[in-house]
Asks: 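Okay, handing you the structure first.
Source: prediction; values computed, not measured.
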Amino acid sequence: MAATEHRDMHTPFSELAHGALRFLTAGSVDDGKSTLIGRLLLDSQALMRDQVDTLQRLRRGEGALDLSLLTDGLEAEREQGITIDVAYRYFATPRRKFIIADAPGHEQYTRNMVTAAAGSHAAVILVDVTKLDLNQRPVRLLPQTRRHALLAHRLGVPHLVFAVNKIDAVADPGAAWAAVYDALRAFCADAGLQPAAILPVSALRGDNVTTALRSAWYDGPSLLHVLETLPLPQPPLSSPWRLAVQWVQRTGDGTGEQPRVLWGRLACGRVHVGAALQVFPSGQPARVAALWHHAGRPIEEAAAGQSVGVQLDRQLDVSRGDWLGAPDALTGQRRFAATVAWLDTDAAVVGQRYWLRHGHRWVQGRIAAIEHRLDIQTLQPVDVHALGANDIGRAVLETAAPLPLVPFRHAGPDGGALIVVDPRTHRTAGAALVE
C-alpha cells in the first residue's frame, strides 16, 4: 500500500538534483531520532573505524549498539537520554550527499526544531509505534508528532516523510503498520499535507532504513531510497531579482575613490552586468557595474541561490540590511498578517513590542492583533487573545520602518520570514511567516 506514497520513486537519476539534501529528524521524545541517524551513518559506511570501535566498547552485553551516541554529544544529553541541542551530521552515498539535523523532541526545545527546519529540504518525522494505543480506532497520534509535522509544513519544508519506528517491537507488525498508516493518512488529509512517503522502519535493527523491507504487509521503498530520490527545490528564477546586502566590502589601496562591493545571496531571479536596480529603503537608482563570484572572479550573470558581490556604477549609501533589486521589485510594508510559531514561555500578547529580523535588518515592531490559534488536535482555529509556548497562530504585526515583504509561500525564508526577539530577555520568541 505504501509503494504509491513516494511520488518521485521512479524519477530517473539523471533528472535528480545533484546538490546535497538537507533534512531533519523530528518527532516526540525517545521516538528514536538519534538512533535512526546513527543507523544511516553506520549502514552507509559513513563512520570512521575508531567511532565503530567506541560503539563496540560501550555495548552492554549482547545488546544492540547504542547508535544515539553518535549524535547526542552533550554530556546532559547522554545523562538524560534525550536530545537537547541540534546536532548536524554528514554522509554520502553514490547517488547523493546528505546533511542531517537531529532536532530535539521535547516540547521545551521546540525552538531548536524550528531552527533545524530553516533551510531543510525534507523532514523525517518519526512515529514510535510502541507509544500508541493500537486497540483504538482511529489510532490517536502523539501531540508532538502532529506539532512537528505542522511546524515543518508551515515553515516551508518541501517534503515530509513519516517513518513509523520500532515496528519490530510489536506483536503483529502488519496490523500495527496498517492502523498507524491509516491514522497518518487521515491526519495529513485533514491538515492539508501531502507526505512524500509513509514507511515502516526499525532504527535499532536497521529494517527498511538502507535496505528495503520485504514482507507480506509492506513492499515499498526503504528510507534511504526515498531520501536519495527526493527532488531538490528549484530557486525562483522567473521573479524580479532581489538581494539582501549582508556585507559591504571596500576595495582599492586606500587612496582616491574606493569602489565598494555589496555581498549577499540572490533570493530570486537573474541579474546581469548593466542591469538597472533600486536600493531599498532609500529608493536610489543605479546600475550593476560589475558582478563578482564568491571565489573572487568577475562574472557576467548570476542566478537565484548564488552568493555574489554587486558593484554599483555610482557611490550610494548602502549598508548591511539594505536590499538591492530590480526597479519596482521592492515595496515596503509596515503592517502585515503572518503565521506565527511562538516559542517563548512568555506569551505573545497584543501591544507587546519586539525586535524583528527580516533578512539582515533589525527593526522594532509590535503585535497589533492576534486572530486565532491552531488547535493541534482538531486542526481548527480557536479565538484567543494570546499565544503560548509552542502555539501556532495567525497575528497582525506592525513595524517601525517599512520592510520589503513578500508572501512566504512565494519567497520562502528570503523575504517572507521574520525572527521575533524579546528585547527584555534577548530570547528568540517566535518565527513569523508572511501571508
Asks: Would you find a donor on one side and an acceptor on the other, under 3.5 Å apart, between the side chain of N208 and the backbone of L213?
Replies: yes

Asks: Tell me whether R214 contacts the main-chain N or O of G220 through its side chain, where contact means a donor paired with an acceptor under 3.5 Å.
Replies: yes

Asks: Starting at CG of L356, measure out to CD1 of I367 and round the result to the nearest 0.5 Å.
Replies: 9.0 Å

Asks: If you round to the nearest 0.5 Å, how far is CG of L184 from OG1 of T145?
Replies: 8.0 Å

Asks: Taking R361 first and then D322, would you say they form a salt bridge - that is, a charged N and a carboxylate O separated by under 4.0 Å?
Replies: yes

Asks: Would you give the length of the straight line joining atom OG1 of T25 to atom NE2 of H148, rounded to the nearest 0.5 angstrom?
Replies: 10.0 Å

Asks: Kindly say whether L227 contributes a backbone atom to a donor-acceptor pair with the side chain of H159 at under 3.5 angstrom?
Replies: no

Asks: Going by heavy atoms in the side chains, are D313 and V288 under 4.5 Å from each other?
Replies: no

Asks: Is the shortest heavy-atom distance from the side chain of N165 to the side chain of V127 under 4.5 Å?
Replies: no

Asks: Which heavy-atom pair separates T130 from A169 by the least distance, and what is that distance?
Replies: CG2-CB, 3.8 Å

Asks: With sequence neighbours left out, what residues match D391 under salt bridge (Lys or Arg N to Asp or Glu O under 4.0 Å)?
Replies: none

Asks: Between atom CG of L126 and atom NZ of K166, what is the distance when rounded to the nearest 0.5 Å?
Replies: 9.0 Å

Asks: Provide the closest heavy-atom pair for P158 versus S120 in the form atom of the first, atom of the second, distance.
Replies: CD-O, 3.5 Å

Asks: Can R96 and E228 be counted as an ion pair, charged N to O under 4.0 angstrom?
Replies: no

Asks: List for me each residue that meets salt bridge (Lys or Arg N to Asp or Glu O under 4.0 Å) alongside D168, sequence neighbours excluded, and say none if there are none.
Replies: R205

Asks: Looking only at non-hydrogen atoms, find the nearest pair between V340 and A432 and report the distance.
Replies: CG2-CB, 4.3 Å

Asks: If you take all heavy atoms of G393 and L387, which pair is closest and at what distance?
Replies: CA-CD2, 4.2 Å

Asks: Go through the side-chain N and O atoms of Q364 and W355 and say whether any donor and acceptor fall under 3.5 Å apart.
Replies: no

Asks: Could you check whether the rings of F98 and F23 sit parallel, tilted or perpendicular, using 30° and 60° as the cut-offs?
Replies: perpendicular

Asks: In sequence, state the C-alpha distance, the side-chain angles, and the governing distance for D414 and R265, and then conclude on salt bridge (Lys or Arg N to Asp or Glu O under 4.0 Å).
Replies: CA-CA 9 Å; D414 294 319; R265 186 177 66 183; 3.0 Å; yes

Asks: Closer than 4.0 angstrom, basic N to acidic O: yes or no for R394 and E435?
Replies: yes

Asks: So, for F280 and T331, which heavy atoms are closest and what is the spacing to 0.1 Å?
Replies: CE1-C, 4.4 Å

Asks: Centre-to-centre under 6.0 Å for W342 and Y354, is that the case here?
Replies: yes

Asks: Does the pair D422/R427 count as a salt bridge with the N-to-O cut at 4.0 Å?
Replies: no

Asks: Kindly indicate whether a cation-pi arrangement holds for R242 with W323, taking the cut-offs as under 6.0 Å to the six-membered ring centre and within 45° of the axis.
Replies: yes

Asks: Working to the nearest 0.5 angstrom, can you tell me the gap between L379 CG and R146 CZ?
Replies: 5.0 Å

Asks: Give me the atom names and distance for the closest heavy-atom approach of A203 to V209.
Replies: CA-CG2, 4.4 Å

Asks: Could you check if a side-chain atom of R357 sits within less than 4.5 angstrom of a side-chain atom of W362, using non-hydrogen atoms only?
Replies: yes

Asks: Between OG1 of T339 and NE2 of H153, what distance do you get to the nearest 0.5 Å?
Replies: 9.5 Å

Asks: Between Y181 and F162, does the side chain to side chain contact (heavy atoms under 4.5 Å, CB included) criterion hold? Intermediate values first, please.
Replies: CA-CA 9 Å; Y181 174 87; F162 290 92; over 6 Å; no

Asks: Report yes if the side chains of T35 and I37 come closer than 4.5 Å at any heavy-atom pair, otherwise no.
Replies: no

